[in-house]
Amino acid sequence: MSYTVTMESRHKPRSGVALGGLGCGWFELRQDGTFQNWGIFNNRPAGRGRHFTWDPNTVLFFLVRYQEEGREPRICLLQIEPGHGAAAIEGHEFQYIFPWLGGVDRIRYEATVPFIDLDFEERSMPLRVKLRSWSPFIPGDEKNSSLPVAFFDFSIESTSERPVDVSILATMRNCVGYETKAKAYSARTLDGEGWRMFEMSCENMDPSLSSYGSMGVASLHPDSTAWVAWAHPHPYYEQLLRCRELPDVNDLAGRTGVDPATGKLLAKTECFSTIGRAVTLGKSGEKFAHSFAATWD
């Protein structure tokens, strides 16, 4: 089954194509570029755990940071932004505090299961950005069709006559133990041949809870950098704007505190991690491809 739709900001989609392996959880990629109906935590309605009540717009999203030679940098959220919660900014509508951060104007969305193709349009961005999202689905191959993973293959092309510094970035929220504060966030980076990733989990939590496990994002290029375990949007986004390349930072120490009444570790803030890659495109028509893999266990 296949269908094509052009998504604009006046539209409000109510469903999307699912990503995720057979029997290991799933989430939807909708026509506005947002990820909804998270069901990767053994949570209701399909699982036995508690309903996932956190803002779904904060769990996974993609950004492009770009700067044309001689001009100011900007950051584009690859969504028709939903407002509150967009780009993991829950306390404010982000346009009032970060005027250089915005979503796209239009998305062309085409789905032929298991592939979802999105073509992003934004008037001021000197780039063409396309995304193919998919999870392995191989008839007759139960093992490889049951992997808890979703792939995101980006193609980015310059439309500027000036050189453009471009960073493509994936952000995920640590949702392990969303049912409890009695936990200590954990996060680390891992390196392999041709890839780099962050992995997030929680320690000191009840392992019988449905969301016990780990989650993370791999950037499929060895030159990727990661900012692990950030929380407050101001220092993160303001430094991201200033830096051509995402700094290698681990802020895990600030994400967990101690309950003065019990002496037990408590998660005291949100916890996000971002990974990505920076490239310079020299002229109009020059392009590069980059892929991410989101995974959970």
Side-chain angles (χ1 to χ4, degrees), residues 7 12-63 77-90 103 107 109 111 113-114 116 118 131 133-137 145-152 169-181 183 185-187 197-202 205 208-218 229 231 267 269-275 292-297:
M7 181 67 204
K12 293 184 178 181
R14 295 183 293 175
S15 64
V17 175
L19 295 166
L22 299 176
C24 57
W26 58 279
F27 54 94
E28 293 178 2
L29 173 52
R30 294 191 177 175
Q31 297 95 324
D32 59 0
T34 67
F35 298 95
Q36 305 289 334
N37 280 350
W38 287 90
I40 65 172
F41 312 111
N42 302 306
N43 52 299
R44 293 190 179 105
R48 295 185 177 183
R50 295 181 185 177
H51 284 285
F52 182 71
T53 57
W54 289 2
D55 188 337
N57 298 307
T58 67
V59 181
L60 177 66
F61 55 91
F62 296 94
L63 298 164
L77 173 66
L78 295 178
Q79 299 174 355
I80 296 174
E81 71 274 9
H84 190 76
I89 301 169
E90 296 182 282
I107 298 174
Y109 182 104
V113 177
I116 313 168
L118 286 78
L131 167 64
S133 305
W134 56 281
S135 289
F137 182 74
S145 297
S146 302
L147 298 173
V149 66
F151 290 95
F152 303 93
L169 304 160
T171 297
M172 178 177 273
R173 183 174 187 172
N174 189 347
C175 301
V176 177
Y178 68 88
E179 320 95 310
T180 180
K181 289 187 177 181
K183 61 188 177 184
Y185 285 123
S186 66
M197 74 172 293
F198 62 77
E199 180 186 52
M200 302 181 294
S201 186
C202 284
M205 67 172 282
S208 68
L209 292 176
S210 66
S211 68
Y212 182 76
S214 63
M215 55 195 301
V217 175
T269 67
E270 300 83 8
C271 183
F272 300 90
S273 294
T274 301
I275 194 166
F292 297 97
T295 185
W296 57 95
D297 182 18

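All values below come from the heavy atoms of this structure, side chains included, with hydrogens, waters and symmetry mates left out. None of the values given here were measured: they were computed from a predicted structure.
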K.L.:
Heavy atoms only: give me the nearest Cys202-Ser186 pair and the separation to one decimal.
P.N.:
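It is N-OG, 3.7 Å.
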
K.L.:
Residues in side chain to side chain donor-acceptor pair (under 3.5 Å) with Trp134, at least two apart?
P.N.:
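Checked Trp134 against side chain to side chain donor-acceptor pair (under 3.5 Å); matches are Asp153.
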
K.L.:
Do any N or O atoms from the side chain of Thr58 and from the backbone of Ala88 form a donor-acceptor pair under 3.5 angstrom?
P.N.:
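No: the side chain of Thr58 does not pair with the backbone of Ala88.
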
K.L.:
Do Leu63 and Thr274 touch side chain to side chain, with heavy atoms closer than 4.5 Å?
P.N.:
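When only atoms from C-beta onward are counted, Thr274 and Leu63 do not touch, as no gap falls below 4.5 Å.
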
K.L.:
Hey, is the main chain of Val149 close enough, under 3.5 Å, to the side chain of Ser135 for a donor-acceptor pair?
P.N.:
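Pair found, side chain donor or acceptor close to backbone of Val149.
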
K.L.:
Please report the closest heavy-atom contact between Met215 and Arg173, naming both atoms and the distance.
P.N.:
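Result for this residue pair: CE-O, 3.3 Å.
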
K.L.:
How about Asn37 and Trp26: do any of their side-chain heavy atoms sit closer than 4.5 Å?
P.N.:
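Side-chain contact under 4.5 Å: yes.
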
K.L.:
What pairs with Trp296 under ring-ring contact (aromatic ring centres under 6.0 Å, His included), at least two apart in sequence or on another chain?
P.N.:
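So Trp296 forms a ring-ring contact (aromatic ring centres under 6.0 Å, His included) with Phe27.
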
K.L.:
Which pairs count as salt bridge (Lys or Arg N to Asp or Glu O under 4.0 Å) when at least one residue sits in residues 15-24, sequence neighbours excluded?
P.N.:
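Residue pairs with at least one partner in residues 15-24: there are none.
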
K.L.:
State the CG-OG distance between Asn43 and Ser211, to the nearest 0.5 angstrom.
P.N.:
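Between atom CG of Asn43 and atom OG of Ser211 there are 8.5 Å.
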
K.L.:
Hey, what do you get for CD (Gln36) to CG (Asn57), rounding to the nearest 0.5 Å?
P.N.:
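Between atom CD of Gln36 and atom CG of Asn57 there are 5.0 Å.
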
K.L.:
Which atom names give the shortest non-hydrogen contact between Ala170 and Val217, and what distance separates them?
P.N.:
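So the two residues come closest at CB-CG1, 4.0 Å.
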
K.L.:
Would you check if Gln31 and Ile107 make a side-chain contact, meaning some heavy-atom pair closer than 4.5 Å?
P.N.:
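Gln31 vs Ile107: side chains apart.
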
K.L.:
Glu179: which residues meet the salt bridge (charged side-chain N to carboxylate O under 4.0 Å, His left out) condition with it, sequence neighbours left out?
P.N.:
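Once residues adjacent in sequence are excluded, Glu179 has no partner under the salt bridge (charged side-chain N to carboxylate O under 4.0 Å, His left out) criterion.
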
K.L.:
With a 4.5 Å cut-off on side-chain heavy atoms, are Val59 and Phe35 touching?
P.N.:
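No - every pair of side-chain heavy atoms lies 4.5 Å or more apart.
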
K.L.:
Looking only at heavy atoms, what is the nearest atom pair of Ile275 and Met197, with distance?
P.N.:
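Closest heavy-atom pair between Ile275 and Met197: CD1-CA, 3.7 Å.
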
K.L.:
According to the salt bridge (Lys or Arg N to Asp or Glu O under 4.0 Å) rule, which pairs have a member within residues 15-29, sequence neighbours left out?
P.N.:
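Passing the test, one end in residues 15-29: Glu28-Arg30.
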
K.L.:
Does the side chain of Thr180 come within less than 4.5 Å of Tyr212's, by heavy atoms?
P.N.:
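Sidechains of Thr180 and Tyr212: no contact.
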
K.L.:
Evaluate the side-chain proximity of Phe292 to Phe62: yes if any heavy-atom separation is below 4.5 Å, no if none is.
P.N.:
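In short, these two side chains touch, coming nearer than 4.5 Å.
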
K.L.:
Can a donor-acceptor pair be found, under 3.5 Å and without considering hydrogens, that links the side chain of Thr295 to the backbone of Pro148?
P.N.:
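It does hold such a pair.
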
K.L.:
Where do Cys175 and Trp54 come nearest, in terms of heavy atoms and distance?
P.N.:
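Here Cys175 and Trp54 meet closest at CA-CZ3, 3.7 Å.
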
K.L.:
Just how far is it from atom CD1 of Ile40 to atom CG of Leu19, taken to the nearest 0.5 Å?
P.N.:
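Rounded to the nearest 0.5 Å, the CD1-CG separation comes out at 11.0 Å.
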
K.L.:
Could you grab the distance from atom CZ of Phe41 to atom CG of Leu209, nearest 0.5 Å is fine?
P.N.:
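Between atom CZ of Phe41 and atom CG of Leu209 there are 13.5 Å.
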
K.L.:
Within a reach of under 6.0 Å around CZ of Phe151, are more than 12 heavy atoms found that belong to other residues, nucleotides or ligands?
P.N.:
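Yes, the 6.0 Å shell around CZ holds more than 12 heavy atoms from other groups.
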
K.L.:
Under a 3.5 Å distance rule, please check whether Ser201 uses its side chain to pair with a backbone N or O of Gly213 as donor and acceptor.
P.N.:
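Indeed, once roles are kept as given, a pair shorter than 3.5 Å links the two residues.
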
K.L.:
Can you find a pair of side-chain heavy atoms, one from Leu78 and one from Phe152, that are under 4.5 Å apart?
P.N.:
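Not touching, per the 4.5 Å side-chain cut-off.
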
K.L.:
Who pairs with Glu270 by salt bridge (charged side-chain N to carboxylate O under 4.0 Å, His left out), at least two apart in sequence or on another chain?
P.N.:
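Partners of Glu270 by the salt bridge (charged side-chain N to carboxylate O under 4.0 Å, His left out) criterion come out as none, since no residue qualifies.
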
K.L.:
Decide yes or no on side-chain contact (heavy atoms from CB on, under 4.5 Å) for Trp38 and Leu60, but give the supporting numbers first.
P.N.:
CA-CA 10 Å; Trp38 287 90; Leu60 177 66; 3.8 Å; yes

K.L.:
Please find the pair of heavy atoms, one from Met172 and one from Ala294, that lie closest to each other, and give the distance.
P.N.:
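Closest approach of Met172 to Ala294, heavy atoms only: CE-CB, 4.0 Å.
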
K.L.:
Are the side chains of Leu22 and Phe137 in touch, meaning some heavy atoms are under 4.5 Å apart?
P.N.:
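Yes, close enough: below the 4.5 Å cut-off.
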
K.L.:
Looking only at atom types and distance, does a side-chain atom of Glu81 sit under 3.5 Å from a main-chain N or O of Gly103, one as donor and one as acceptor?
P.N.:
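Yes, the answer is positive, given that a donor and an acceptor are paired below the 3.5 Å cut-off.
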
K.L.:
To the closest 0.5 Å, what do you measure between CZ (Arg50) and CG (Asn42)?
P.N.:
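Those atoms lie 14.5 Å apart.
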
K.L.:
Once rounded to the nearest 0.5 Å, what's the spacing between atom CG of Asp55 and atom CD of Glu90?
P.N.:
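Going from the CG atom of Asp55 to the CD atom of Glu90 covers 5.5 Å.
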
